[in-house]
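Below, each value reflects all heavy atoms present in this structure, side chains not excepted, and no hydrogens, waters or symmetry copies. Letters A, B, ... are given to chains in the order of the sequence lines, protein chains preceding strands, and every chain is numbered from 1.
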Amino acid sequence: MPVERGRLAVPAQVLAPRLLGGVLVSMVDGVEVAVRLTEVEAYEGTEDPASHAFRGLTARTAVMFGPAGHLYCYFTYGMHWCANVVAGSDGQAAAVLLRGGEVVRGADVARGRRPAARVGHDLARGPARLATCLGLGRGHNGLDICDQQAAVVLESMPGRRSSRVRAGPRVGISVAQERPWRFWLDGERSVSAFRPGGRRQRAGARQTDTRE
DNA sequence: AGGACGATTAACT
DNA sequence: GTTAATCGTCCTC
């Protein structure tokens, strides 16, 4: 049976570490892939400047504002899809980004979707890689993963917190870097490399003028 | 209507 | 270490 929605309707910071070790299963294009989550990040409400919901409700972020237990899938960098589990109560914009996991079923399918991966622990190491392994994309945005009939189901979540849970800054963001809302399982090879998010130089900004 | 930028990845030096 | 790929979303005219 899928995880009950009530267990997910908690703040993202609370849900995120609880998801570690949980198993998400997809049945897409007639084939099954299951991933055991090893790395996640919390995005908490409209007060979190790193969250897509920071500027309020839009068509893109609407799912984040809805009830817990749905997928928030978004497209980024012109080519990648990433997936979140919506957290919090209805009306709160909370979600947990799935950043890494270990493929525990359907590794052959995952390898077909991720030809660039050389080793098993790279299949779902990174948020876009994880989504690719599971075959997730636009059509899965808003999906209810507490529904056993859904194409993507949260199959299980640990009953208690592992002693291997670690916390630190989130990856790839340029604001609110002090909030330790990234969680991972220490020692797992499918945990992505930490890259501090750098603020890009704006196109209009001038570098120091070095002309004579 | 136009432009900046992104919760990334893969390939390269 | 660096950078290109590539387009939806949101902000500003």
Side-chain angles (χ1 to χ4, degrees), chain A residues 11-13 15-17 19-20 24 35 37-65 70-88 92-101 103 110-142 166-184 189-207:
Chain A
Q13 299 155 70
L15 177 60
L19 280 173
L20 295 174
L24 189 67
V35 165
L37 302 171
T38 59
E39 182 189 2
V40 296
E41 280 176 357
Y43 288 87
E44 195 73 271
T46 52
E47 308 303 305
D48 177 1
S51 171
H52 290 165
F54 181 56
R55 296 180 195 287
L57 191 149
T58 66
R60 178 210 204 187
T61 60
V63 175
M64 282 184 78
F65 286 80
H70 293 254
L71 282 184
Y72 164 50
C73 300
Y74 68 93
F75 183 65
T76 192
Y77 289 100
M79 63 198 94
H80 301 301
W81 287 91
C82 300
N84 295 247
V85 173
V86 174
Q92 290 182 311
V96 178
L97 173 67
L98 308 179
R99 286 202 56 92
V103 176
R111 273 190 290 270
R113 290 173 175 161
R114 290 261 308 115
R118 310 256 177 148
V119 290
H121 63 261
D122 268 349
L123 284 170
R125 182 182 193 235
R129 292 165 166 185
L130 187 152
T132 298
C133 278
L134 293 172
L136 301 181
R138 165 181 279 127
H140 305 281
N141 190 39
R166 300 289 180 271
R170 293 175 289 185
V171 176
I173 57 170
S174 57
V175 288
Q177 296 171 338
E178 75 288 354
R179 304 185 190 187
W181 290 352
R182 173 185 182 233
F183 301 88
W184 67 94
R189 289 174 301 181
S190 56
V191 174
S192 69
F194 175 65
R195 277 183 285 281
R199 180 171 274 245
R200 261 192 223 177
Q201 182 161 18
R202 305 184 119 218
R206 286 277 106 72
Q207 250 179 327

Side chain of [X] (C-beta onward), nearest among [options]:
X	options	answer
N84(A)	dA7(B), dG6(B), dA10(B)	dA7(B)
R114(A)	dA7(B), dC7(C), dA10(B)	dA10(B)
M79(A)	dA7(B), dA10(B), dT6(C)	dT6(C)
P127(A)	dA10(B), dT8(B), dC10(C)	dT8(B)
T58(A)	dT8(B), dA7(B), dC10(C)	dC10(C)
F75(A)	dG6(B), dA7(B), dG8(C)	dG8(C)
R138(A)	dG8(C), dA7(B), dT9(B)	dG8(C)

Using a heavy-atom cut-off of under 4.0 Å over every strand shown, decide if [X] touches base, sugar-phosphate, or nothing.
X	answer
R118(A)	nothing
A50(A)	base
R170(A)	nothing

Rounded interatomic separation in angstrom, taking [atom1] from [X] and [atom2] from [N]:
X	N	atom1	atom2	result
R113(A)	dT9(B)	CZ	P	17 Å
L97(A)	dA7(B)	CG	P	10 Å
R99(A)	dT9(B)	CZ	C1'	12 Å
R60(A)	dA7(B)	CZ	C1'	9 Å
L98(A)	dA7(B)	CG	C1'	11 Å
L123(A)	dT9(B)	CG	P	13 Å
Y72(A)	dT9(C)	OH	P	9 Å
Y77(A)	dC7(C)	OH	P	16 Å

Kindly indicate whether the side chain of [X], heavy atoms from C-beta on, has any atom under 4.5 Å from the side chain of [Y].
X	Y	answer
Y74(A)	N84(A)	yes
L98(A)	V85(A)	yes
W181(A)	D48(A)	yes
W81(A)	H140(A)	no

Check whether E41(A) reaches the backbone of V171(A) with its side chain - one donor and one acceptor, N or O, closer than 3.5 Å.
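Yes, E41(A) side chain to V171(A) backbone: donor-acceptor pair under 3.5 Å.
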Face-to-face stacking of Y43(A) with dA7(B), centres under 5.5 angstrom, angle under 30°:
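By the stated criterion, Y43(A) and dA7(B) stack.
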Any residue meeting side chain to side chain donor-acceptor pair (under 3.5 Å) with S51(A), in chain and number order, not counting sequence neighbours
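For S51(A) there are no side chain to side chain donor-acceptor pair (under 3.5 Å) partners, ignoring immediate neighbours.
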Distance-only criterion, 3.5 Å: show the donor-acceptor pairs between side-chain atoms of residues 114-126 of chain A and protein atoms not counting sequence neighbours.
residue	atom	partner	partner atom	Å
R114(A)	NE	L123(A)	O	2.8
R114(A)	NH2	D122(A)	O	2.9
R125(A)	NE	R189(A)	O	3.4
R125(A)	NE	V191(A)	O	3.1

Intra- and interstrand pairs of DNA chain C - dot-bracket, Watson-Crick/G-U under 3.5 Å, | marks other strand
|||||.||||||.
Determine: side-chain N/O of R195(A) to OP1/OP2 of dA7(B), distance under 4.0 Å, yes or no.
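Answer is no, no contact under 4.0 Å.
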When you measure from the side-chain N and O atoms of H52(A) to the phosphate of dA7(B), is any distance below 4.0 Å, counting only OP1 and OP2?
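For dA7(B), OP1/OP2 do have a side-chain N/O of H52(A) under 4.0 Å.
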Assess whether one donor atom and one acceptor atom, taken from the side chain of Y74(A) and the base of dA7(B), lie less than 3.5 Å apart.
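Such a pair exists between side chain and base.
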Given E39(A), which of R129(A), R166(A), R99(A) fulfils the salt bridge (Lys or Arg N to Asp or Glu O under 4.0 Å) condition?
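Considering R129(A), R166(A), R99(A), a salt bridge (Lys or Arg N to Asp or Glu O under 4.0 Å) with E39(A) is found only for R99(A).
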